[in-house]
Amino acid sequence: MTIEQKITDIVANAIQQLYATAIPTEQIQLQKTKKEFEGDITVVIFPFVKAARKSPEQTGQEIGNYLKQNEPVIQSFNVIKGFLNLSISTAYWLELLEKINTEKNFGFKAADESSPLVMIEYSSPNTNKPLHLGHIRNNLLGFSLGEIVKANGNKVVKTNIVNDRGIHICKSMLAWQKYGKGETPESSGLKGDHLVGNYYVLFDQKYKQEVSELMAKGQNEEEAKKNAPLMLEAQEMLRKWESGDKEVYQLWQTMNGWVYVGFDQTYKKLGVDFDCIYYESETYLLGKEKVQEGLEKGVLYQREDGSVWIDLTAEGLDEKLLLRSDGTSVYMTQDIGTAKMRFDKYPIDKMVYVVGNEQNYHFQVLSIVLDKLGFSWGKDLVHFSYGMVELPEGKMKSREGTVVDADDLVDDMVATARETSQELGKLEGCTEVEAENIARMVGLGALKYFILKVDPRKNMTFNPKESIDFNGNTGPFIQYTHARIKSVLRKAQEQGIVIPSKLDVNCSLNEKESGLIQLLADFPSIVNQAATEYSPALIANYIYDLVKEYNQFYHDFSILKEENKTVKELRLLLSENVAKVIKSGMGLLGIEVPERM
RNA sequence: GGUCGGGUAGCUCAGCUGGAUAGAGCAACAGCCUUCUAAGCUGUGGGUCAUGGGUUCGAAUCCCAUCCUGAUCACCA
C-alpha cells in the first residue's frame, strides 16, 4: 500500500468521522506539495467544504488534526488556503528507500505463462528507399513501446512487415535496369538501400521528363502521367513479377537483398530488433484468400467489374475496396493476410500497429474489417498513431531531396558526441574502443531522447541546421548524471565503503533527499501509465525531473566528504538507486547509459 | 465540404482524468570549478495559455462557437 492510498483512506475516514459524510475516494485529490510550501503531500480540501459547512481553512485544520492523530507517518501539517500540506516522517522515507533498494527490477512487473501476449508491429519500411527521420521516429517509438509493455508484465512479440513488392519497387528496379550499367553495392561502395533509393529518385526524374514531353505534345497532365512509357513499363514489370517471370523475379530478389543488408545495418545502429519479420510478398496472397472467404460469408460484396468491397456506411464510414477489378491486391488486402499469418502462429491477445497518423482512417477500417472477418482481436486492435516529423519548412519530401537520412543523422550525432568528448577532455584514460563506444551511446542517446521526449501523438519539428543539443533537457544530460553517480560509487568502493541496505533510523533527511525518494517511488506508476497511455514521453519527462532534482542535490551536498557516517551512507544508497532508475528508465526508451563520459 | 488531430515564452516542448503565483530546455545576459565529472548548478529578463462565450468555489485543462494549421476522405502505400 502506498502512502497515497493510505492517506486517501484516512481522509475518507476523517470526513466520515468529522462530518458524518461518506465521500467517494475519487473526490479525494492528492498532489505533490509545491516547492514553495512546506510539506510532501497535499490534500485538496475544496471538495469537502460542502460536507464540512466550514471554511476551507478550518476544514483543512480539522482534517489535518485527525490525520496527525491517527496516522503516525504524518509528522506535521499546515493549511494554506484550501490546501492541506502534510509532512511525512523521516522514518517513512528511509524505509521506502530501503524497499526500493531491495527490488532489482524496481518498477517492472515480470511476465509469466499466463500473461497476455501483445504483438507490436513497427518500422514497416518500403524496400525502394533508405530509412529517413520519419522512420527513425517510428522505430524508436515501436521499440520503446515494446520495452514498456514488457515492463508491465506482458509477453511481447515485436514484428515488422516489409513492403517488398508493388509498383514502387518496380520503379527502382526498372530504373536500375535501364540506367544502372550493372552498378552494385560492391562496385559503388554504396549501402544497398541507398543505391536502390537513388534509382527510385532517378525513375521519378526521368518519368517527370517524359510527362512534360507528352504534355508539350498536347496531352493533358492526367493522360501524360498514364501514358508515359516508363510508367507503362513499370506496370508491365509488376505484371511480370506477379506472374513469376524469372528474370524480373531474380532482379527483384537481388535488389531487395541489397536493401535488406542496408536496413539491417541501420536497425543495428539504432539498436532496434524484431522477433519475427513478415514480407508482403509472402502475405498478400493469403489476404486474397481471406477476402474470398469474406465474400462467401457475405461480409463483403463483389461489383460487376469483379472488384471486392466492404460496405461500412453502417459504421459511419465509406465503402472500401479490398481487391481490384483485375484481382490484384491493395494495401488493406496485405494487412489482412499478414494478420492471418500472425494469428495462426501466435495466440495474440492484443495487436498494436505503430503507424503514422496519416493512416488513421486506414486502421479504423482495418479494425472493422478484421473483426468482420473473424479475428477476435480485430475490434480492439490499437493503432498507435504518431505525428509526423516536420522540417521548419514543412513536410519532408523525398522527391525534393529534403529528407533527413537516417544513417547520416546517426553518424552526425555520434561524430558530434565524439568531438564534444574530446573538447571537454572527458575520456582521457579511456581506450579508443571505450571512447568510441561512449560516443556512440551519447550521440544515439541525444537523438533518441530528442525524439522520444515529445508526445508521440503530436507532430514534431526537427531543424537540421541546429544540431540536437547535448545540454539541458537532453539524453546526454541524463547520461552524464548517471556517469557522475557511477563515478562517485566507484570512488566509494575504492575507499572501501560498503553501502548498507539498512539505514540508521535516526538518520536525518534534508528536503532534497526526501524529495528524491518520493520521486523514485513514483517510477512504478509512471511505467504503468506509459503503457496505458502508450507514451514513452512520460518516461522521458519523468527521468528528466528525477535527474534535474538529483543534480541540484549533488551540487548542494557532498556525498563522500560528508562527515556524518549515516548521512553519507544514506546519500550513497540514494545515489545508487537514482542511477538504477535512470538506467532502467532509459532502458525503456532504448537508450544506453555509460559508466563514465 | 465531411471526419480526426493540433494551436502554451523568440525557438523546441512539458503541464490537459479541473486546484495554489502556468513550468523546463535552447537562445540572451549575470554569477559559481585549489572541493565527489562545469555535458553541471544559481540568478535576470521573457506569457491576452489562438479568440469569444459557458459550466464551476476554482478553467491552459471540461462544453459550445469562431479563427488558424495539419492529416485524411484513391482500383496509392
Side-chain angles (χ1 to χ4, degrees), chain A residues 26 29 31 33-34 36-37 42 44-47 49-50 56 80-83 85 124 126 128 163 166-168 280 303 305-309 316-318 320-332 334-335 355-362 364 385 387-388 390 392 394-395 417 420-421 423-426 442 446 450 453-455 457-463 466 468-481 483-492 495 537-538 540-541 544-545 547-548 550-562 571-572 575 596-597:
Chain A
E26 305 89 71
Q29 296 175 53
Q31 52 188 260
T33 304
K34 292 218 163 199
E36 53 270 39
F37 304 107
T42 293
V44 183
I45 295 301
F46 298 108
V49 295
K50 224 175 218 170
I80 294 165
K81 292 197 216 168
F83 298 90
N85 303 318
S124 313
N126 289 332
N128 61 343
N163 300 110
I167 189 75
H168 51 292
E280 187 189 341
R303 287 189 185 170
D305 62 4
S307 57
V308 180
W309 297 73
L317 305 173
D318 294 328
K320 195 82 189 170
L321 177 89
L322 296 181
L323 271 186
R324 293 194 188 98
S325 51
D326 64 0
T328 57
S329 61
V330 291
Y331 186 39
M332 192 73 70
Q334 170 263 112
D335 266 335
V355 180
N357 62 13
E358 57 199 350
Q359 292 187 32
N360 284 353
Y361 185 69
H362 173 80
Q364 213 179 333
S385 160
M388 299 289 103
E390 290 170 347
K395 253 187 123 170
T420 310
S421 291
E423 270 169 35
L424 297 172
K426 292 282 185 180
V442 173
F450 177 82
K453 77 171 176 183
V454 336
D455 184 338
R457 288 165 309 191
K458 290 188 180 174
N459 288 358
M460 63 180 292
T461 311
F462 175 79
N463 190 341
E466 299 167 13
I468 294 174
D469 253 297
F470 281 52
N471 301 319
N473 187 357
T474 67
F477 167 60
I478 293 164
Q479 291 171 317
Y480 174 72
T481 307
R484 256 180 160 183
I485 295 174
K486 286 296 177 173
S487 171
V488 173
L489 294 175
R490 271 194 304 273
K491 290 224 159 89
Q495 292 174 21
L538 293 176
N541 289 316
Y544 176 67
D545 288 342
V547 161
K548 181 108 187 106
Y550 183 83
N551 274 306
Q552 288 167 9
F553 159 76
Y554 181 94
H555 179 265
D556 292 350
F557 303 97
S558 46
I559 300 167
L560 294 170
K561 295 209 167 63
E562 169 60 41
R571 288 180 184 166
L572 283 166
S575 300
R596 67 181 77 219
M597 67 184 267

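Naming: A, B, ... by sequence-line order, numbering from 1 per chain.
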Anti/syn call for B:C33, syn if |chi| within 90°: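 You should classify B:C33 as syn.
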base_contact_polar (B:A77 base, A:D335 side chain, donor-acceptor, <3.5 Å):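 Donor-acceptor pair under 3.5 Å: no.
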Check: B:C75 base within 3.5 Å donor-acceptor of A:S325 side chain: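 Check passes, donor-acceptor contact within cut-off.
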Please determine, for [N], whether a Watson-Crick or G-U wobble partner exists with both distances under 3.5 Å, and give it or none.
N     : answer
B:A59 : none
B:C75 : none
B:C29 : B:G43
B:U34 : none
B:G5  : B:U69

Aromatic ring proximity, centroids under 6.0 angstrom, A:Y480 and A:F477: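 Not close enough - the centres of the two rings lie 6.0 Å or further apart.
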Taking the side chain of [X] as its heavy atoms from C-beta onward, which of [options] lies nearest to it?
X      : options             : answer
A:Y480 : B:U37, B:G19, B:A14 : B:U37
A:P47  : B:A38, B:C36, B:G19 : B:G19
A:E390 : B:G70, B:A39, B:U42 : B:G70

Modelled atom types, side-chain donor and acceptor of A:T328 and A:R324, under 3.5 Å: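 A pair is found: one side chain offers a donor N or O, the other an acceptor, under 3.5 Å apart.
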Using a 3.5 Å distance criterion without hydrogens, assess whether the side chain of [X] forms a donor-acceptor pair with backbone atoms of [Y].
X      : Y      : result
A:S487 : A:A483 : no
A:N459 : A:G387 : no
A:K453 : A:N473 : yes

Would you say whether [X] stacks on [N]? The test is a distance between ring centres of less than 5.5 Å and an angle between planes of less than 30°.
X      : N     : value
A:Y554 : B:G40 : no
A:F46  : B:G19 : yes
A:F83  : B:G19 : no

